[in-house]
Amino acid sequence: MADDYREMWRELGINLEAHDGLLEVLPPLFGEVFLSQTGRPARMSYFDYVFSEVHGLRIRELVNHKKSGGIVVGTYCTYAPEELIMAAGGISVGLCAGAEVAPDEAMKFLPGNLCPLIKSSLGFKLAGVCPYIESCDLLVGETTCDGKKKFYEILGDMQPVHVMELPQKKGATDMEMWKSEVRVLATRLEEVSGKKIDEAGLKDAIRIANEKRRALLRLAELRKADPPVISGRDALLINQIAFNDDPRRFTVKVNELCDELDKRVGQGKSIGGPARPRIMISGCPMALPNWKLAQVIETSGAVVAMEEMCTGIRYFRNLVDETPDDLEGMLDAIADRYMKIDCAVFTPNTERVENILGLVRDFDIDAVVYHALQACDPYTIEAYKVQKALDEAGIPMLYVETDYGNDSGQIATRVQALLEMVR
Ligand code: BJ8
């Protein structure tokens with residue numbers, strides 16, 4: 001891949017030497033986590049290919065889109081409404097980082113005891129190894145956790161950033177404020193792109209984003225099969241790719257995979273043998289290429305049957321109402337949909353606990369592994385409420401606080417003890 005794309009990366013301002021180092025470590029890791037699995041669905045080959053070209057072909061598509069007058073908009077959170085970006089002629093790309101890059105550089109700006117997702121996201125920018133962020137005309141942030149808010153201020157010195165004010169409660173006045181924030185973002189996107197968001201374009205964008213979510217919901221539904229027809233690792237990879245791939249193409253490919261999985265269910269063809277403990281991972285998102293926890297759980301003899309996180313069902317559970325035809329109605333429908341997201345930054349956040357209990361029931365979950373990124377206040381603190389509810393429901397929960405370092409061995413010991421309890 002590297003030879004074909006070097007000139008493009010150079011033009012984007014990528015630090016080629018550091019980038020080469022990154023590209024060297026990813027293929028062996030990918031091979032170990034994904035290609036080593038036996039009995040994978042054949043249609044996973046598309047997602048393997050997308051990953052292999054994640055800094056190549058997809059970036060070329062972004063560059064070509066810009067050459068033809070479009071814009072690229074980077075996001076760091078599932079609260080950033082991708083429909084608006086699409087309707088303004090933009091391509092939306094997720095920028096959260098899931099591997100440690102340039103930690104010493106990042107710590108010149110940020111404290112060491114900050115969540116690894118934020119430190120690494122800045123590390124990728126400072127090291128000049130992310131062609132996605134270098135392709136962006138605008139970065140959309142949001143006032144979720146304090147770390148992200150302050151990170152956007154730093155990032156704003158390097159690139160144009162628009163921060164949406166996200167309320168922390170879900171009352172009537174909060175909703176009004178959020179509706180107006182959605183409109184402010186729409187105006188900013190129009191200014192950056194020079195393209196007016198009109199009714200037809202927004203209607204189309206809502207449909208495209210909903211179709212993507214429907215495909216992911218269909219995939220989630222197929223993961224209820226016991227024995228499982230797809231691994232949690234593969235489902236996680238698909239969820240991660242959802243943030244960066246072309247949404248129409250991605251939807252087609254997820255549906256093709258689901259067709260294959262439908263057949264597998266009919267044939268009783270599982271991945272990895274007989275039924276095993278069914279685990280749900282809950283908590284902080286896992287940005288590419290963070291696969292550590294899913295890998296540990298599945299190589300310990302269990303299957304991850306669901307992810308209650310933003311690189312999981314929190315991203316696609318809710319659809320935008322497609323009935324409004326006027327611009328104002330559509331903007332309100334978008335605002336309504338995004339406010340249903342149950343991130344731990346909200347207070348109170350009883351919806352999340354209820355949703356977790358619902359998922360445990362619907363996906364026949366034997367135990368929950370709680371994924372807390374170190375120093376993430378919202379999710380580490382909310383673990384208490386989740387634990388309490390799961391205790392009452394008789395479902396064991398293992399709390400894992402981790403970062404992007406190599407602690408797989410210690411986690412594996414604890415996961416194995418959990419699995420012994422539920423076998
Ligand atoms: S909607 S989960 S993507 S905020 S892990 S940076 S919360 S300290 S990523 Fe998130 Fe949006 Fe919520 Fe989802 Fe802060 Fe926690 Fe770090 Fe986090």
Side-chain angles (χ1 to χ4, degrees), residues 74-82 92-100 103 106 109-125 139-155 161 163-170 174 178 181 185 213 216 236 239-240 242-244 281-288 290 292-293 307-318 335 337-349 351-353 355-356 370-386 399-404:
T75 65
Y76 288 93
C77 180
T78 50
Y79 282 103
E82 57 191 289
S92 148
V93 290
L95 296 177
C96 290
E100 192 176 69
F109 296 81
L110 298 169
N113 62 342
L114 190 67
C115 135
L117 190 146
I118 302 173
K119 285 190 289 191
S120 302
S121 298
L122 184 61
F124 269 81
K125 171 69 189 167
L139 308 178
V140 176
E142 68 316 305
T143 56
T144 46
C145 63
D146 287 348
K148 273 189 170 175
K149 276 186 291 214
K150 304 316 279 183
F151 159 60
Y152 297 137
E153 291 177 18
I154 296 167
L155 212 48
V161 176
V163 178
M164 300 182 82
E165 182 162 1
L166 184 77
Q168 311 282 282
K169 296 182 80 175
K170 294 186 177 176
D174 305 302
W178 177 239
E181 281 298 298
L185 175 66
R213 295 180 188 119
L216 289 166
L236 174 61
N239 286 329
Q240 291 169 328
F243 289 88
N244 286 31
I281 301 179
S282 168
C284 297
M286 295 172 180
L288 268 177
N290 181 6
K292 179 172 67 180
L293 193 51
E307 299 78 21
E308 190 276 323
M309 49 188 187
C310 282
T311 43
I313 200 156
R314 193 171 294 119
Y315 175 61
F316 56 82
R317 173 190 282 130
N318 304 304
R337 183 265 165 197
Y338 282 84
M339 270 298 258
K340 286 187 194 138
I341 298 172
D342 57 356
C343 177
V345 296
F346 276 86
T347 185
N349 197 27
E351 280 165 274
R352 177 167 175 240
V353 175
N355 284 333
I356 287 172
Y370 197 94
H371 174 239
L373 286 174
Q374 262 167 26
C376 168
D377 288 346
Y379 282 90
T380 52
I381 298 169
E382 200 161 274
Y384 162 76
K385 292 269 184 189
V386 175
Y399 177 83
V400 176
E401 197 165 327
T402 185
D403 60 8
Y404 295 162

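Just so you know, ligand 1 is whichever comes first in the structure, and atom 1 is the first atom listed for that ligand.
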(Q) Side chains of Leu117 and Pro285, heavy atoms from C-beta outward: is any pair under 4.5 Å? (A) yes
Q: For atom 16 (Fe) of ligand 1, state which one of Cys115, Ala375, Pro116 supplies the nearest heavy atom.
A: Cys115
Q.
Heavy atom to atom 6 (S) of ligand 1, shortest distance: which of Met309, Met286, Lys148, His371 holds it?
A. Lys148
Looking at [Y] and [X], is any side-chain nitrogen of the basic one under 4.0 Å from a carboxylate oxygen of the acidic one?
{"X": "Glu153", "Y": "Lys150", "result": "yes"}
{"X": "Glu351", "Y": "Lys340", "result": "no"}
{"X": "Asp403", "Y": "Lys119", "result": "no"}

Q) For Pro111, which residues count as a side-chain contact (heavy atoms from CB on, under 4.5 Å) partner, sequence neighbours excluded? A) Asn113, Leu114
**Q.** Results of side-chain contact (heavy atoms from CB on, under 4.5 Å) for Glu165 - residues two or more places apart only
**A.** Thr143, Met177, Glu181
Q | Identity and separation of the nearest protein heavy atom to atom 2 (S) of ligand 1 | A | Tyr379 OH, 3.3 Å
Q.
What protein heavy atom lies closest to atom 15 (Fe) of ligand 1? Include the residue and the distance to one decimal.
A. Cys376 SG, 2.3 Å
Q.
So, using salt bridge (charged side-chain N to carboxylate O under 4.0 Å, His left out) as the criterion, who are the partners of Asp146 when residues are at least two apart?
A. Lys149
Q) What protein N/O/S atoms sit under 2.8 Å from atom 12 (Fe) of ligand 1, by chain and number? A) Cys343 SG
Q. How about Lys170: does its NZ atom have over 12 heavy atoms from other parts shown lying under 6.0 Å from it?
A. yes
(Q) If we set the cut-off at 4.0 Å for heavy atoms, which region of Ile118 has an atom near ligand 1: side chain, backbone, both, or neither? (A) side chain
